[in-house]
There are 2 protein chains.
Amino acid sequence: MATLKQVAAHAEVSVQTVSNALNAPHRLRADTLERVNKSIELLNYRPNRNARSLRTSAVELIGYCVPNWPNQTHLVMDQFLHALCAAAERTGRHILLFTAPPGVDGMPTYDDLHARRLVDGFVLSQTETHDPRHGWLKEQGIPFVSFGRVWKQTTQPGPWVDVDGAAGSALAVRHLYETGRRRIAFLGWPKASGLAEDRAGGWRDECKRLGLPISGLSVRCREDSLDEGARVTAALLDAGREIDGIVALSDVLALGALRELTRRGLTAGHQVGVTGFDDSPLADVVSPGLTSLRQPMDEIAGELIKILTGAPDGTPTERLLQPELVIRGSSAPG
Amino acid sequence: MATLKQVAAHAEVSVQTVSNALNAPHRLRADTLERVNKSIELLNYRPNRNARSLRTSAVELIGYCVPNWPNQTHLVMDQFLHALCAAAERTGRHILLFTAPPGVDGMPTYDDLHARRLVDGFVLSQTETHDPRHGWLKEQGIPFVSFGRVWKQTTQPGPWVDVDGAAGSALAVRHLYETGRRRIAFLGWPKASGLAEDRAGGWRDECKRLGLPISGLSVRCREDSLDEGARVTAALLDAGREIDGIVALSDVLALGALRELTRRGLTAGHQVGVTGFDDSPLADVVSPGLTSLRQPMDEIAGELIKILTGAPDGTPTERLLQPELVIRGSSAPG
DNA sequence: GCGGATGTTTTTAACGTTCAAAACGTCCGT
DNA sequence: ACGGACGTTTTGAACGTTAAAAACATCCGC
């Protein structure tokens with residue numbers, strides 16, 4: 001593979017002139033530029049990323065940690081990863097994947113990747129309540145951007161992009177209202193989850209706005225599983241709450257609800273309208289199809305990369321994006 | 001961040017001695033080694049990957065293309081990616097993600113990543129019949145290993161690791177047989193798919209071995225979707241084939257079958273036992289739970305990295321691994 | 001004709017490692 | 001005492017870019 005030196009020899013100019021042809025062509029006389037470009041093309045010259053990075057101290061790689069929470073799959077991760085890679089590539093950068101223990105035990109891994117100049121910065125996701133990564137990276141002065149906020153902190157430790165969960169829940173409530181539902185439940189998570197509280201808040205506010213009852217209609221699941229979705233749905237029905245709509249905090253919980261409705265002989269999606277969140281592959285594969293809130297992955301990824309690679313001006317940047325409701329059979333009019 | 005030079009000054013030795021302390025400590029006298037290691041620790045020295053890669057021409061990054069086939073999600077990709085990253089990290093390497101157009105249009109992307117020294121080689125997956133990547137990479141002398149074989153080629157163009165689809169189908173047939181089933185269908189893909197033919201062959205051979213009928217019991221779906229799985233199941237049932245077992249080539253097809261059985265009032269997983277392939281998140285979320293063949297991701301990833309980073313000896317390396325049948329409610333005894 | 005300004009190209013050094021050769025110190029046999 | 005072998009450490013160069021300074025060529029006003 002040709003080097004600048006070889007291209008320079010071929011074009012009968014200095015190495016710097018070839019570098020200028022690539023990076024500052026305005027410096028060169030037109031005929032010199034043409035001759036150099038011909039040599040570059042003829043020798044199929046490709047710049048060596050290592051050499052450049054050594055001199056400039058920028059590796060143009062962005063670190064992303066592959067989540068691996070036990071017993072949980074990330075149903076839309078392939079979409080997110082593809083969008084993230086494409087967005088990074090548009091700026092000449094790439095994504096470096098790595099694994100790390102959760103919580104503070106993972107900090108040495110992040111530290112090492114940055115210190116050894118394997119990455120310039122990080123994109124974080126799967127943010128947890130009191131996630132230590134954000135504060136730690138900010139303290140270390142390591143560039144990062146987060147897909148998702150750190151809940152329970154009044155000031156965010158760094159820039160983030162998120163999807164408006166409250167707005168999403170409100171959208172789902174309104175949709176179910178428009179299909180005729182008037183007693184809409186909310187299947188959420190434990191109170192410790194900021195994301196859940198945010199989405200629950202959206203459900204609550206929209207129900208109030210529409211004059212719908214909310215008392216006794218919001219339940220918290222112990223975990224994000226199908227069984228839990230089924231269990232709390234059973235509990236709601238057994239308690240005599242005559243619900244005709246369910247907004248679930250995730251697709252998995254929504255499917256649990258659908259399963260319980262089916263088990264009780266209720267026509268899934270008809271007597272009770274059900275919606276989920278994430279518009280995961282699950283939403284499509286179940287009959288009659290789950291109405292779900294889709295996150296705008298391309299936009300999310302684009303904003304993440306824009307924030308991470310943008311000129312630093314000291315103030316955190318925040319972007320709250322809107323989900324889109326994908327309507328399927330599970331919320332057909334009753 | 002400290003450099004070798006700074007550590008050397010601190011320890012009152014040459015740069016080379018510090019490098020030796022890290023890479024060839026046996027060369028150093030014990031007291032010198034101790035003094036240098038103290039300086040390394042005190043100054044929190046971390047080697048600069050760019051500098052090392054420039055000198056050695058090895059970047060220790062492995063390229064992996066994020067699949068993005070339209071209307072298809074890769075339900076076990078997060079598991080695969082995590083296993084791949086962990087395996088690469090165990091050898092001091094990392095995974096660099098990228099996107100590329102499918103087929104020959106993607107070759108320039110692979111070429112560029114290697115020529116610019118962004119990666120040392122590639123792990124390929126989602127291999128298609130007549131996939132051009134393998135032959136092209138071999139021709140270019142670019143290191144790679146494939147998760148999956150290139151079907152329809154008598155000699156593989158490069159090293160691969162794969163899961164034995166035929167053995168998997170045979171395992172599923174045997175399991176259904178042991179639950180009492182005697183008329184077991186196979187839901188496959190079009191004949192053009194080598195993977196499908198392999199899995200169909202396993203179903204066929206095991207049925208023959210067990211003395212079970214096979215005529216008219218193997219169908220090909222036009223695509224890998226739930227609707228197709230439902231459609232061909234309906235066709236089998238409408239044709240009067242009194243099937244009591246279904247081995248589906250994928251979880252999606254299996255779920256389609258389950259849906260159609262449910263629609264016809266057949267108790268899913270009881271009158272007709274159903275199995276799928278991949279043990280994806282779908283297998284767990286449906287009721288009664290789908291029996292499915294799980295691919296050994298950690299072993300696959302470990303073998304891929306071992307082959308890619310092993311000493312090159314000119315002959316392709318091949319490893320065929322065995323899937324594991326995860327038994328759930330969809331194949332309960334009839 | 002000369003000096004200053006501008007355009008164009010070259011020269012020099014830097015980035016931070018690793019590789020290979022050279023130098024230095026010690027020991028032992030002659 | 002000296003030369004050879006071995007152990008230990010240092011020296012010099014290389015990898016291939018980019019950044020900054022220097023050099024060279026040209027033009028124009030005075």
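Hydrogens, waters and symmetry mates play no part in the numbers below; they use all other heavy atoms, side chains included.
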Pair B:F80-B:F147, ring pair (Phe, Tyr, Trp, His ring centres under 6.0 Å): steps then yes or no: CA-CA 10 Å; B:F80 175 66; B:F147 173 25; 5.1 Å; yes
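A donor-acceptor contact under 3.5 Å is not formed by the side chain of B:R52 with the base of C:dT17. Between the side chain of A:R55 and the base of D:dT18 there is at least one donor-acceptor pair of N/O atoms closer than 3.5 Å.
In this structure, B:Y110 and B:F122 have tilted ring planes: the angle between them lies in the 30° to 60° band.
Not one side-chain nitrogen or oxygen of A:N20 sits closer than 4.0 Å to the OP1 or OP2 atom of C:dT9. Between A:R29 and C:dT9 there is a side-chain polar atom (N or O) within less than 4.0 angstrom of OP1 or OP2. OP1 and OP2 of D:dT9 both lie 4.0 Å or more from every side-chain N or O belonging to B:T17. Taking only side-chain nitrogens and oxygens, A:S19 comes nearer than 4.0 Å to OP1 or OP2 of D:dT18. Here B:R27 does not reach the OP1 or OP2 of D:dT8: none of its side-chain N or O atoms lies under 4.0 Å away. Regarding contacts with the backbone of D:dT18, every side-chain N or O of A:T56 stays at 4.0 angstrom or more from both OP1 and OP2.
Nearest-nucleotide positions on DNA chain D place B:S14 closer to the 5' end than the other of B:S14 and A:Y45. Along DNA chain D, the nucleotide nearest B:V15 and the nucleotide nearest B:L54 are compared for position; the residue whose nucleotide lies closer to the 5' end is B:V15. Nearest-nucleotide positions on DNA chain C for B:N50 and B:Q16 put B:N50 closer to the 5' end.
Using a cutoff of 4.0 Å between basic side-chain nitrogens and carboxylate oxygens, A:K38 and A:E41 are not scored as salt-bridged.
Judged by distance alone, with hydrogens and angles left aside, the side-chain atoms of B:T17 form no donor-acceptor pair with the main-chain N or O of B:V13 at under 3.5 Å.
Residue A:S53 is classed as having no contact, given no heavy-atom separation below 4.0 Å to the nucleic acid. Within the 4.0 angstrom heavy-atom criterion, no nucleotide atom of any strand lies near B:S57.
Atom CG in A:L33 sits about 17 Å away from atom P in C:dG7, given to the nearest Å. Per the geometry, CG belonging to B:L28 stands 12 Å off C1' belonging to D:dT10, to the nearest Å. Here C:dT9 presents its P atom at 15 Å from CG of A:L22, a figure rounded to the nearest Å. Rounded to a whole Å, the CD atom of B:E60 is 13 Å from the C1' atom of C:dT18. Spacing between atom CZ of A:R35 and atom P of C:dT9 amounts to 8 Å, rounded to whole angstrom units. The nearest whole Å value for the distance from the CG atom in B:L4 to the P atom in C:dC19 is 12 Å. Nucleotide D:dT11 holds its C1' atom 14 Å from the NZ atom of B:K5, rounded to whole Å. Between A:R46 atom CZ and D:dG16 atom C1' the separation is 16 Å, expressed in whole Å.
Tested against A:E60 for a salt bridge (Lys or Arg N to Asp or Glu O under 4.0 Å), the candidates A:R117, A:R49, A:R93 yield a single pass: A:R93.
Within 6.0 Å of CZ in B:R27 there are 12 or fewer heavy atoms belonging to other residues, nucleotides or ligands.
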